[in-house]
Amino acid sequence: MSIPQKPKSSHWADVTAFRIIKEKGDKPRYVCASGITPSGTVHIGNFREIISVELVVRALRDLGKDVRFIYSWDEYDVFRKVPKNMPNREDLETYLRMPITMVPDPWGKEESYARANEKEVEAILPEVGIFPEYIYQAKEYTSCRYAEGIRRALERRDVIRRILDKYRAEPLPDSWWPVVIFCASCHKDTTTVEHWDGAYGLSYTCSSCGFKEALDFRRQGNVKLRWRVDWPMRWREEQVDFEPAGKEHHSDGGSFDTAKQIVREVYDHEPPVTFKYDFIGIKGQGGKISSSTGNVISLKDVLEVYQPEVVRYLFAGTRPDTEFAISFDLDVIKIYEDYDKCERIYFGKEQVDPKKLERERRTYEFSQVERAPASMPLQVPFRHMTTLVQIYEGDLDALMAQEFPSVSGEEARRLRRRAQCAWNWVTTYAPEEFRFSLRVDEETLEPLEDSHRKVIQRLYHLLETEWDSLDEARLGEAVYAFCEEEGLTAKDFFPSLYRVLLGKDRGPRAASFILTVGKEKILTILGRYL
RNA sequence: GGGCCGUUAGCUCAGCUGGUAGAGCAGCAGACUCUUAAUCUGCGGGUCGAAGGUUCGAUCCCUUCACGGCUCACCA
């Protein structure tokens, strides 16, 4: 197609896309890769890798480029230890040293431990609009796809050793090989290479079961390259143009660094364009995650509180090399406000200086699961949503039907999702002051002094007769007037009102709250005090 | 020891194709005879870690230094 003169915007994903085209040249197709080892629950930190790639993929596609987006499950890897958050830990221990694809699923649903971890991710990525092509490395290895790559590594093992030794405290021993062999009999990696025939033949012995054999790795797939060699080999195999990596891989002597050297000196190929991404912290979560995932925060957990667009916004709006924390505390409200503001800017409802405009618009586009809506969706602030959702006691169907009867389609889906998140947040993470439940079905009466009861009664009559003409200000004034006439101050009275409505001394701003709750429910409750 | 990243208003941070700094919260003042991160309006001016350099001009580029943090030196 063509090589653009400058990035589409100053957004980091556009800048990276521009770099890829500039460094790799004008290609009919670009390969962007991501990958992790499913050796445990895939957490939100791992998610940063895949969404970072996805954003760059989008940026390239927005430039009219054809992109292959691959996600490698590096699952032909040894089961080293049993993670703390797994069930049936003792059973799992039997499988230590085997590839994680041969360890059973501790939940007993999937074909393997690796697959169970993979499935969880694959099932949820579509929710945030991410659709990579998955590559299962155990399948690739066991089908002997990488035989040539393995042979090359064996041939140049001295080169590899020299590269790795530059950074090691202890040089690799003479007996070191760039491969790991899983015993064909007991499946463990406790094997020692005895001999390499200079081509495709390897012989080994297993210290666990005593098994020994000579194999041809063009026909037998239990030989794999060690991580630091495997990565560069696959760069060439898939012709990868772009792949980011965590900061731990990016320092000198880190695996990305050595892979860069190995791909050049062993595989005669250029490394992909890259950047490093920082870790993700968690804030205000306080160990409230369900026991099924232990203390590991996964994308699923984040989606309980943040609607998909906002999750994307979090990552799209932060430079990858910056560490940030995902909050589960009061900051959630602020994050939603920021997203809504970005949305308003995108739709021209809020003015911002031209420099920021371009970036904000792009961030909004990148935040969308599919594409940006044609017109601005109805915005219901998260804070307000927490009130609504509690009035309806989590009944989202009723909430949607009664509060937003005219909203439909995608707009309704987003709103409903936000309502669900608000409910989850209120019930799980919000501070106690945020929670309430209307005493619609609670028949027990609060003991009230006469003057307080009188104000309640007068309020009842006012609401009954003039509901349709009341607004927040008028209602507020009226309540105050009633108090004064009964010789009460607002400060004295309001706790009673809240006890009557919610069974506690405090609650959301009274006037707007009453109007939001609705005539029927309010009169039901207040009517008990007539 | 190597590498990387920070150091900007009280706090949390934006600002990164160089043109003498912004936002939120806090704070202060006023409005509202209501209350949860509760409403409205106005205000506040920080040697942009330090010292050099490049430039007509640097928070933004280069060098050095000081703090703080992360990471590799085992595996993946």
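When reading the values below, keep in mind they use all heavy atoms of this one structure, side chains included, and skip hydrogens, waters and symmetry mates. Proteins come first, then strands; the chains are lettered A, B, ... in the order of their sequence lines, and each starts at number 1.
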Enquirer: Do Ser437(A) and Glu393(A) meet the criterion of a side-chain donor-acceptor pair at a distance under 3.5 Å?
Expert: no
Enquirer: Expressed in angstrom and rounded to an integer, what is the separation of Arg234(A) atom CZ from rA76(B) atom P?
Expert: 13 Å
Enquirer: Between rG19(B) and rU54(B), how far apart are the two C1' atoms, rounded to whole Å?
Expert: 16 Å
Enquirer: rU71(B) C1' sits how many Å from His249(A) NE2, rounded?
Expert: 11 Å
Enquirer: Taking the six-membered ring for Trp, are Phe275(A) and Phe242(A) ring centroids under 6.0 Å apart?
Expert: yes
Enquirer: Any idea how Trp227(A) and His249(A) line up, ring-wise: parallel (<30°), tilted (30 to 60°), or perpendicular (>60°)?
Expert: tilted
Enquirer: Which listed nucleotide (rC75(B), rA37(B), rG3(B)) is nearest to the side chain of Arg383(A)?
Expert: rA37(B)
Enquirer: Between Thr258(A) and Arg228(A), is any side-chain donor less than 3.5 angstrom from a side-chain acceptor?
Expert: yes
Enquirer: In whole angstrom, give the distance that lies between atom NZ of Lys276(A) and atom C1' of rG69(B).
Expert: 13 Å
Enquirer: Looking at Tyr277(A) versus Trp12(A), is the centre-to-centre ring distance below 6.0 Å?
Expert: no
Enquirer: Taking the side chain of Lys247(A) as heavy atoms from C-beta outward, which of rG2(B), rU71(B), rC74(B) is closest to it?
Expert: rU71(B)
Enquirer: Could you give the CD1-to-P distance, from Ile335(A) to rC25(B), as a whole number of Å?
Expert: 14 Å
Enquirer: Looking for any heavy atom pair under 4.0 Å, which part of the strands does Asp230(A) touch: base, sugar-phosphate only, or nothing?
Expert: nothing
Enquirer: Do the side-chain N or O atoms of Arg228(A) get closer than 4.0 angstrom to the phosphate oxygens (OP1, OP2) of rC74(B)?
Expert: no
Enquirer: Quiz question: by atom type and distance under 3.5 Å, do the side chains of Tyr364(A) and Glu343(A) form a donor-acceptor pair?
Expert: yes
Enquirer: Could you work out which one of rA37(B), rU39(B), rU71(B) sits closest to the side chain of Arg509(A)?
Expert: rU39(B)
Enquirer: Using the P atom in both, what is the distance from rA58(B) to rC62(B), to the nearest Å?
Expert: 15 Å
Enquirer: For side-chain hydrogen bond (donor to acceptor under 3.5 Å, both in side chains), just list the numbers for His384(A) and Thr516(A), CA-CA rounded to whole Å, side-chain angles, deciding distance to a tenth of an Å, and then say yes or no.
Expert: CA-CA 10 Å; His384(A) 182 58; Thr516(A) 306; 4.9 Å; no
Enquirer: Which part of the nucleic acid, if any, lies within reach of Glu170(A) when heavy atoms closer than 4.0 Å are counted: base, sugar-phosphate only, or nothing?
Expert: sugar-phosphate
Enquirer: Listed in order of residue number, which residues of residues 318-325 of chain A have a non-hydrogen atom at under 4.0 Å from RNA chain B?
Expert: Arg319(A), Thr322(A)
Enquirer: From NE2 of His11(A) over to C1' of rG15(B), roughly how many Å is that when rounded to an integer?
Expert: 15 Å
Enquirer: Measure from the side-chain heavy atoms of Ser251(A) and tell me the nearest of rA76(B), rC74(B), rG3(B).
Expert: rG3(B)
Enquirer: Taking only Watson-Crick and G-U wobble pairs with both distances under 3.5 Å, what dot-bracket line describes RNA chain B, where [ ] shows pairs that cross earlier ones and | shows pairs with another strand?
Expert: ((((((((.[[[[.)......]]]].(((((.......))))).....(((((.......))))))))))))....
Enquirer: Regarding Ala510(A), tell me which of base, sugar-phosphate or nothing describes its non-hydrogen contacts under 4.0 Å with the strands shown.
Expert: base
Enquirer: Quick check for you: among rA37(B), rU71(B), rA76(B), whose closest atom lies nearest to any side-chain atom of Trp227(A)?
Expert: rA76(B)
Enquirer: Can a cation-pi geometry be assigned to Arg157(A) and Trp177(A), taking NZ or CZ under 6.0 Å from the six-membered ring centre and within 45° of the ring axis?
Expert: yes
Enquirer: Tell me: CH2 of Trp231(A) to P of rC75(B), nearest whole Å?
Expert: 15 Å
Enquirer: For the P atoms, the ones on rC61(B) and on rC4(B), what distance do you get once it is rounded to whole angstrom?
Expert: 15 Å
Enquirer: Taking any heavy-atom pair under 4.0 Å as a contact, classify Lys334(A): base, sugar-phosphate, or nothing.
Expert: sugar-phosphate
Enquirer: Considering only the P atoms, how many Å lie between rG46(B) and rA21(B), rounded to the nearest integer?
Expert: 13 Å
Enquirer: How far, in whole Å, is rU39(B) from rU7(B) if one measures between their P atoms?
Expert: 31 Å
Enquirer: Given the C1' atoms of rC16(B) and rC5(B), what is the spacing between them in whole Å?
Expert: 14 Å
Enquirer: What distance, rounded to whole Å, do you find between the two C1' atoms, one in rU20(B) and one in rU12(B)?
Expert: 25 Å
Enquirer: What integer distance in Å separates Phe275(A):CZ from rC16(B):C1'?
Expert: 16 Å
Enquirer: Kindly confirm or rule out a cation-pi arrangement of Lys521(A) over Tyr392(A), judged by NZ or CZ under 6.0 Å from the six-membered ring centre and within 45° of its axis?
Expert: yes
Enquirer: Write down the distance between CH2 (Trp177(A)) and C1' (rC75(B)), rounded to a whole number of angstrom.
Expert: 21 Å
Enquirer: Could you check whether atom CD of Glu170(A) has more than 12 heavy atoms from other residues, nucleotides or ligands sitting under 6.0 Å from it?
Expert: no
Enquirer: Heavy atoms from C-beta onward define the side chain here; which of rU71(B), rU17(B), rA37(B) lies closest to that of Glu248(A)?
Expert: rU71(B)
Enquirer: Under 3.5 Å, side chain of Asn222(A) to main-chain N/O of Phe182(A), donor-acceptor pair present?
Expert: yes
